[in-house]
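Structure, as structure tokens:
Each chain gets a letter, A, B and so on, in the order its sequence line appears, and its residues count up from 1.
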Number of protein chains: 2
Amino acid sequence: MRVRDCCPPLVDAPLAPADAERLAHAFAALADPVRLRLLSLVAAAGEVCSCDLVEPLDKAQPTVSHHTKVLAEAGLIVGEKRGRWVWWRVVPDVVDDIHRALGSAAGASATSTH
Amino acid sequence: MRVRDCCPPLVDAPLAPADAERLAHAFAALADPVRLRLLSLVAAAGEVCSCDLVEPLDKAQPTVSHHTKVLAEAGLIVGEKRGRWVWWRVVPDVVDDIHRALGSAAGASATSTH
DNA sequence: AACACGCATTGACAACCATCGATTCGTCTG
DNA sequence: CAGACGAATCGATGGTTGTCAATGCGTGTT
């Protein structure tokens with residue numbers, strides 16, 4: 001699921017229900033500590049094999065597989081199968097989109113009432 | 001719950017479990033379409049009374065009260081009681097903190113693998 | 001071909017969550 | 001003080017989710 005081209009900064013104008021639904025899905029993918037650490041591991045290393053995620057995350061293999069699937073369906077990471085291993089990378093565009101939806105002018109919005 | 005002073009950009013280095021827990025709570029507050037629209041309404045208007053949220057959100061009053069409570073506990077909005085009404089404002093600092101945790105350098109991190 | 005290995009899927013279970021009717025609490029008004 | 005009104009709390013309910021053991025599926029190795 002892509003976030004790009006769907007969600008204007010939520011501080012600018014009331015969010016349309018459909019946009020809110022999509023954005024909520026994106027945030028839901030980030031709303032789990034295991035997934036945040038997983039994403040962080042992949043982002044920091046640039047590329048990580050699934051087999052190298054089980055130990056640092058301290059979760060069973062099916063659990064890690066579940067979380068990579070959720071992040072991949074949110075478009076935040078992509079997996080490439082090389083031999084028997086799957087290598088994961090972050091998709092910076094999508095992270096940027098969520099970043100942008102939060103509003104780069106976050107600090108400027110509510111100052112209008114002061 | 002504050003996010004400030006707790007969460008380095010997750011793209012820079014592997015997230016500590018405790019930081020991941022706190023960040024996950026913040027994202028969880030944003031992981032609901034009703035809450036996103038609520039936050040958007042408040043942000044766009046600058047200040048909104050609870051009674052003016054029920055109709056545009058099309059939710060029962062206890063449901064709206066529940067969502068404002070979740071957003072307030074996440075530190076994203078604050079309510080001020082004036083007479084019988086409660087007026088809500090966004091807390092731009094906290095929105096900025098989450099913004100920052102996502103990594104302003106989101107697009108710069110994974111470029112190393114290209 | 002037979003085996004080992006990495007990963008995905010399934011099924012089950014417990015915990016959590018969104019929603020709303022009913023009720024309660026606090027505040028204003030007559 | 002009594003009634004009205006806005007908002008928070010409580011209880012119940014249906015749905016979602018994180019977790020892992022067991023299993024299935026490709027792929028590489030011997």
Report summary line: Distance col, row B/Leu38:CG vs A/Leu10:CG, nearest 0.5 angstrom, shows 11.5 Å
Report task. Whole angstrom is fine here: how far is it from CD in A/Glu73 over to P in C/dA8? Result -> 12 Å
Report task. To the nearest Å, give me how far apart CD (A/Gln61) and C1' (D/dA22) are. Result -> 12 Å
Query raised in the report: Less than 4.5 Å apart, any side-chain heavy atom of A/Val90 and any of A/Leu76?
Result: no
Report task. Please state how far atom CG in B/Asp58 lies from atom P in C/dA18, giving the value in whole angstrom units. Result -> 17 Å
Report summary line: Of the listed D/dA7, D/dT19, C/dC20, the closest approach to the B/Cys49 side chain comes from D/dA7
Query raised in the report: Any side-chain N or O of B/His67 less than 4.0 Å from the OP1 or OP2 oxygen of C/dC17?
Result: no
Query raised in the report: Is it true that a side-chain atom of B/Thr68 and a backbone atom of B/Val64 form a donor plus acceptor pair closer than 3.5 Å?
Result: yes
Query raised in the report: Looking at the side chain of B/Thr63, which of D/dT27, C/dT19, D/dT19 is the nearest nucleotide?
Result: C/dT19
Query raised in the report: Between the main-chain N or O of B/Asp19 and the side-chain N or O of A/Arg37, is there a donor-acceptor pair closer than 3.5 Å?
Result: no
Query raised in the report: Quick one: which of A/Asp97, A/Asp96, A/Ile77, A/Val78 gives a side-chain contact (heavy atoms from CB on, under 4.5 Å) with A/Val91?
Result: A/Val78
Query raised in the report: Taking the side chain of A/Val86 as its heavy atoms from C-beta onward, which of C/dC7, C/dG21, C/dT9 lies nearest to it?
Result: C/dC7
Query raised in the report: What is the nucleic acid contact for A/Ser50, judged by heavy atoms within less than 4.0 Å: base, sugar-phosphate only, or nothing?
Result: sugar-phosphate
**Report entry** Separation of C/dC7 C1' from A/Glu55 CD (nearest whole Å)
**Finding:** 18 Å
Report summary line: Rounded to whole Å, NE2 of B/His25 lies from C1' of C/dC16 at a distance of 11 Å
Query raised in the report: In whole angstrom, what separates B/Trp88's CH2 from D/dG6's C1'?
Result: 13 Å
Query - Proximity to the side chain of A/Asp32 - top-ranked nucleotide from D/dG18, C/dA18, C/dT9 - result: D/dG18
Query raised in the report: CH2 of B/Trp87 versus C1' of D/dA7: gap in Å, rounded?
Result: 14 Å
Query raised in the report: Rounded to the nearest 0.5 Å, how far apart are NZ of B/Lys69 and CG of B/Leu71?
Result: 13.0 Å
Report task. Using a 4.0 Å heavy-atom cut-off across all strands, classify B/Arg35 as base, sugar-phosphate, or nothing. Result -> sugar-phosphate
Report task. With DNA chain D as reference, determine whether B/Asp52 or A/Val34 sits nearer its 5' end, using the nearest nucleotide of each. Result -> B/Asp52
Report task. Identify which nucleotide among D/dC20, C/dG6, D/dT9 has an atom closest to any side-chain atom of B/Lys69, counting heavy atoms from C-beta outward. Result -> D/dT9
Query raised in the report: Are OP1 or OP2 of C/dC7 and a side-chain N or O of A/Ser65 less than 4.0 angstrom apart?
Result: no
Query raised in the report: How long is the line joining NZ of B/Lys81 and P of C/dG26, in whole Å?
Result: 8 Å
Report summary line: The answer to which of A/Trp85 and A/His66 contacts DNA chain C further toward the 5' end, by nearest nucleotide, is A/Trp85
**Report entry** From C/dC7, D/dC20, D/dT27, nucleotide with atom closest to A/Arg84 side chain
**Finding:** D/dT27
Query - Side chain of A/Pro62 - closest among D/dC20, D/dA7, C/dA22 - result: D/dC20
